[in-house]
Amino acid sequence: KNEVEQSPQNLTAQEGEFITINCSYSVGISALHWLQQHPGGGIVSLFMLSSGKKKHGRLIATINIQEKHSSLHITASHPRDSAVYICAVRYYGGSQGNLIFGKGTKLSVKP
Amino acid sequence: DSGVTQTPKHLITATGQRVTLRCSPRSGDLSVYWYQQSLDQGLQFLIQYYNGEERAKGNILERFSAQQFPDLHSELNLSSLELGDSALYFCASSVTGTALNTEAFFGQGTRLTVV
């Protein structure tokens, strides 16, 4: 069964802390996405990765293809980073557009 | 603003009814994807259209159908609605039809409540 596991499920941090959210998947993938869902419900695509590392502002995403693992890091966290972060993958052999989603990590950053 | 527009934002309807959700993709994007987010199942892929044709199907119920029109906007039709169909429905778009390996742009979602 193709699964995407995220940890932790919930995370509370103090403003300024360095945050790491993890994502593991079970078989070979062609791409991995990190998504951010705000309390209002809207989804924003943060990164799409197939190898290596990407950085955008205070956000860094890495992927280790051999270990089937990705991490999303937030440096100098801020209350506006509070959201649900969702990992999604497209497995090799999956139908086009068929993303498998993790259950999300709910992040709350306290001032 | 992702450039993907979904209407309506909220919809409340009764069991047994039929509703239509609409999605306008980003300018130039040929692919539209529909997803359902429910409390118990999380986000699930429903269906993809590329340039007017169905390209891929996920966990879409037979009571649900979709289409993409010549102007590339898409509609998701949900019929014989049940309480369990209450969810957030998202549409996303991308330039290519060759899977979501290109960046995806999501709409703000339509929150459907079936009472």
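Convention: sequence-line order gives letters A, B, ...; per-chain numbering from 1. Worth knowing before you read on, the calculation uses all heavy atoms, side chains too, and leaves out hydrogens, waters and symmetry mates.
The cluster map of Ile, Leu, Val, Met, Phe, Trp and Tyr, joined by side-chain heavy atoms under 4.5 Å apart, puts Leu59(A) and Leu107(A) in the same cluster. A single hydrophobic cluster is not seen to contain both Leu61(B) and Phe45(B); linkage of ILVMFWY side chains at heavy-atom distances under 4.5 Å, directly or through other members, places them apart.
Within a 6.0 Å radius of CZ in Arg26(B), more than 12 heavy atoms belonging to other residues, nucleotides or ligands are found. Atom CD1 of Ile12(B) has 12 or fewer neighbouring heavy atoms from other residues, nucleotides or ligands inside a 6.0 Å radius. For Leu39(B), the CG atom counts as loosely surrounded, since its 6.0 Å shell holds 12 or fewer non-hydrogen atoms of other residues, nucleotides or ligands.
For a residue to count as touching a neighbouring chain, one of its non-hydrogen atoms must lie under 4.5 Å from one of that chain's; by this rule Leu35(A) touches chain B with the side chain only. Of the atoms belonging to Leu43(B), heavy atoms from both backbone and side chain fall under 4.5 Å from chain A. For Gln37(B), the part sitting under 4.5 Å from any heavy atom of chain A is the side chain, from C-beta outward, and nothing else.
Ile43(A) is not listed as a side-chain neighbour of Tyr35(B), based on a closest heavy-atom distance of 4.5 Å or more.
Taking each heavy atom of Phe90(B) and Gln37(A) in turn, the nearest pair found is CZ-NE2, 3.4 Å.
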